[in-house]
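The analysis underlying the following values was restricted to heavy atoms, covering all of them including side chains, and did not include hydrogens, waters or symmetry mates. Residues: numbered from 1 along the sequence shown.
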Amino acid sequence: MTENLNTLPAILERNSIKFGEKPAFREKEFGIWQSWNWREVHEHVNNMSLGLINLGIKEGEHICIIGRNRPHLYWSIIAAQNVGAIPTPLYQDSVAQEMIFPISHCSAKMAIVENQEQVDKLLEIKKDITSLKNIIYLDPRGLRNYKNNNLYSLNDVFTLKNIENVSKLQTELKNRQSKQNLDTKSILLYTSGTTGRSKGVVLSNRNVIESGKAGIVFDNINSDFSLICYLPMAWVGDFAFSMGLGLQSGMCICCPESSETLHDDMREIGPSYFFGPPRFFESLLTSVNLKIDDASSVKRKLFDYFMSIAKENGEKILENKSVGLVNRIKYFFGELFIYGPLKNRMGLTKTKVGYTAGEAIGPEIFQFFRSLGINLKQLYGQTEACVFVTCQPDRQVHPETVGVPVSGVELKISKTGEVLYRSPGSFVEYFKDPANTKKTKDKEGWVSTGDAGFIDQETGHLKIIDRAKDVGKLKQGSLFAPKYVENKLKFYPNILEAVLFGSGKEYCVAMINIDLTAVGNWAEKNNISYASYQELAGHPEVYKMVAEHIREVNSSLSKDQNLSNCQIRRFLVLHKELDPDDGEITRTRKVRRNLVSDKYSDLIKALYDGSKEIYTETEVTYEDGRKGKISASVKIQELKETFEKAEVA
């Protein structure tokens, strides 16, 4: 099987021979790091595979994987592929009703879940997912008294002592393995569903392996690297980095104990390859700034002095450019007293390659991390590409671009300004959706991304403007690009989310979500008391602070010839956070613009009719799936300042 590395299980077998005793997976549990080498992982996956065949799983059937990042769940993905089944990870924080569609859509026969919480969800919707025959759980806590003939412990499934006719099952496994090749379906991943219902993206072994190889070659990744996996397993990025890139390179894949202990676990592991969405780095910087604000005056002055040195010279040193001997000495002492301890505190001391993607990241935030000597870069990808489309090469990093095509990827811009690509990583199809497959991927293999962008003539890098569907015109005909403006607003740590409206209107208005952590700390320091998110969001001082941020963004937009008319005239601070459970944002925190427009139509109407305040009631979904309503009187503020308007080209 190792002769033809056409599948992830074959690559795992290769790793068990080539890397043997090297650490393959690590997991922190009960405060202690557990480790498994490649030989042990291969043995576990082989035993799991036999257990799945013994339970009657057939080739081509779907197995749902539900839970947080845990080694046994990653092994379940490989075991499912090993027996010819198609693993289908789902978001572990989805409420039960949200799981009905993907499970019934793919007619999953089996689910491998983490714990009692996920078992309870599946049992709750049992009548709606009739295809599901077996549920296998990893953590047995709370499940002792569950009486269900189709409920199994994962430990029992891969314990060969409980399986009869092992040799017969081994023969069947080898027979199934022999049928698999690069074109065999590897995984089914559901998109975040930003513009509507999620689509099931089918990726083949070729897509996963070739895309992973491109990432490995681009950044010279090898088996000495380590990766920490903390993002949802149902997200394509986690799969591409852990399986496509991690498994092929032989790097150690580490799983934190929980999301709450992530930063502590990162400090202990020190990942050399790291991916984080912009919000992750924004929250890190916010945390740093809050701690510096609480430090003594001497420490604050020391921090400010050395950060000014880093701002001026850090990126140049990272890119091996000349900065002069004096500046290098200053930076050395900065590394000793400030940068080194700071990187250690963030768990990024050993990071050789860091990436961010998914949203635009603020230039100041991006440059802050790079000035510390962290090789943070941007990439552009999507589920349909198994992530890798473009990446920023070392020493060619620009805050406003997303890099150049990786090996094997062709890029072009359509006549309408949409970004198109063709690559070995391009998906096979949308599951049970030939119409959308044909619409997205043409006969020549070119995939429509749905993003508007262009190739920067100066750098040759790709620049993304906005979602093509969201780009519109204001009433007077000038360009309306909401995402561009929203990202500018979200660069402020106090603003968690922003939604801009204005297509077909005379001017732009915005709904703002504040960041409770950042604004809460600010409120505490300014002696502002509050009892809830809703009360803080409606506080006059919060409105004053948000208005100042919007004025700064408006001032920046006024200098942009094409987007000067996108300045925000009226805004409100929303009385609740946009929530995935309410369907307002996806599980990957992308705004469902159409749904938000419909749900908050009364607020949008008030933003345009001159109202200064509006009473509203909003339906919310609690963690257990129950529905409720919250009401509030939301203030609306108008920015009367006149900004210099640039002529529209």
Side-chain angles (χ1 to χ4, degrees), residues 1 4-13 45-66 73-90 99-113 122 129-136 150 152 154 157-158 168-191 198-210 233-234 236 239 243-244 383-384 386 425-437 441:
M1 183 169 153
N4 298 310
L5 301 178
N6 295 333
T7 67
L8 293 183
I11 292 169
L12 174 61
E13 186 175 343
V45 169
N46 187 66
N47 292 348
M48 277 186 188
S49 303
L50 298 177
L52 293 178
I53 296 174
N54 188 54
L55 284 176
I57 203 74
K58 294 181 174 60
E59 293 167 284
E61 291 182 339
H62 290 82
I63 300 176
C64 289
I65 315 290
I66 314 169
L73 296 184
Y74 286 111
W75 304 343
S76 298
I77 289 176
I78 306 172
Q81 295 170 334
N82 204 23
V83 300
I86 304 170
T88 308
L90 303 181
M99 291 185 176
I100 294 174
F101 169 70
I103 294 174
S104 57
H105 184 244
C106 71
S107 303
K109 294 293 189 289
M110 181 183 289
I112 301 176
V113 305
L122 296 179
I129 49 173
T130 54
S131 64
L132 195 70
K133 303 302 179 187
N134 297 314
I135 301 172
I136 301 172
N150 299 322
Y152 303 92
L154 185 59
V157 169
F158 68 79
K168 185 179 178 182
L169 294 175
Q170 284 279 17
T171 302
E172 173 62 18
L173 177 60
K174 287 181 180 178
N175 180 48
R176 294 189 185 191
Q177 289 172 340
S178 66
K179 298 176 187 177
Q180 297 177 33
N181 53 47
L182 284 172
D183 296 317
T184 303
K185 293 176 181 177
S186 177
I187 197 165
L188 174 64
L189 295 165
Y190 281 88
T191 62
S198 297
K199 296 188 284 286
V201 177
V202 178
L203 297 173
S204 68
N205 288 325
R206 186 188 306 278
N207 301 150
V208 177
I209 291 170
E210 292 301 323
M233 289 185 68
V236 65
F239 175 74
M243 299 287 99
T383 309
E384 290 84 348
C386 198
S426 300
F427 73 121
V428 176
E429 62 181 355
Y430 288 126
F431 190 64
K432 294 181 180 177
D433 195 352
N436 265 320
T437 302
K441 186 177 181 181

Residues at least two apart in sequence or cross-chain that pass side-chain hydrogen bond (donor to acceptor under 3.5 Å, both in side chains) with Asn150, listed by chain then number, are none

**OP:** Please assess Ile112 against Val157 for the test side-chain contact (heavy atoms from CB on, under 4.5 Å), listing each intermediate value before the final yes or no.
**Re:** CA-CA 11 Å; Ile112 301 176; Val157 169; over 6 Å; no

Residues at least two apart in sequence or cross-chain that pass side-chain hydrogen bond (donor to acceptor under 3.5 Å, both in side chains) with Tyr152, listed by chain then number, are none

The side-chain contact (heavy atoms from CB on, under 4.5 Å) partners of Ala234 (sequence neighbours excluded) come to Pro89, Tyr91

Minimal heavy-atom distance between Ala85 and Pro87, with the atoms involved, is O-CD, 3.6 Å

Scanning both residues in full, the closest heavy-atom pair of Phe427 with Val202 reads CB-O, 3.6 Å

Applied to residues 171-184, the salt bridge (Lys or Arg N to Asp or Glu O under 4.0 Å) test, sequence neighbours excluded, yields Glu59-Lys179, Glu172-Arg176, Asp183-Arg206

So CG of Asn436 and NZ of Lys199: to nearest 0.5 Å the spacing works out to 5.0 Å

Minimal heavy-atom distance between Leu188 and Gly200, with the atoms involved, is CD1-C, 3.6 Å

The side-chain contact (heavy atoms from CB on, under 4.5 Å) partners of Asn207 (sequence neighbours excluded) come to Leu203, Ser204, Val428

In the structure I gave you, are the side-chain heavy atoms of Leu189 and Ile187 within less than 4.5 Å of one another anywhere?
yes

### Message
Quick check: do Tyr430 and Lys441 have side-chain heavy atoms less than 4.5 Å from each other?
### Response
no

Correct closest heavy-atom pair for Tyr190 and Pro102 would be OH-O, 3.4 Å

Would you say the side-chain atoms of Asn205 pair up with the backbone N or O of Asn181, donor to acceptor, closer than 3.5 Å? yes

Tightest non-hydrogen contact, residues Phe431 and Cys106, listed as CE2-CA, 3.5 Å

Sequence neighbours excluded, the answer for side-chain contact (heavy atoms from CB on, under 4.5 Å) partners of Lys432 is His105, Ser107

When rounded to the nearest 0.5 Å, the distance separating CD of Gln177 from CD of Glu13 is 7.0 Å

In this structure, CE of Met243 is separated from CD1 of Ile11 (nearest 0.5 Å) by 10.5 Å

One should read off an interatomic distance between Thr88 OG1 and Ile65 CD1, to the nearest 0.5 angstrom, of 8.0 Å

- request: Using atom types as modelled and distance alone, determine if a side-chain donor or acceptor of Gln180 lies under 3.5 Å from a backbone N or O of Asn6.
  value: no

CG (Leu12) and CD1 (Ile78) are apart, to the nearest 0.5 Å, by 5.0 Å

Output for pair (Met48 CE, Ile136 CD1), nearest 0.5 Å, gives 9.0 Å

Practice item. Taking the side chain as every heavy atom from C-beta outward, state whether Ile77 and Leu8 have any atom pair closer than 4.5 Å. Key: no

**Message:** Is any side-chain heavy atom of Val201 closer than 4.5 Å to one of Val236?
**Reply:** no

Using a 4.5 Å cut-off on heavy atoms from C-beta on, say whether the side chain of Phe239 contacts that of Val208.
yes

Notebook entry, point to check: Is any side-chain heavy atom of Asn46 less than 4.5 Å from a side-chain heavy atom of Leu50?
Noted result: yes

Check your understanding: Heavy atoms, side chains only, cut-off 4.5 Å: are Leu154 and Ser76 in contact?
Key -> yes

Smallest heavy-atom separation, Ser131 atom then Ile103 atom, equals OG-O, 4.1 Å

Self-check item: Carboxylate-amine/guanidinium proximity below 4.0 Å for Lys185 and Glu429
Solution: yes

Exercise for the section: Using a 4.5 Å cut-off on heavy atoms from C-beta on, say whether the side chain of Ile57 contacts that of Ile63. Expected result: yes

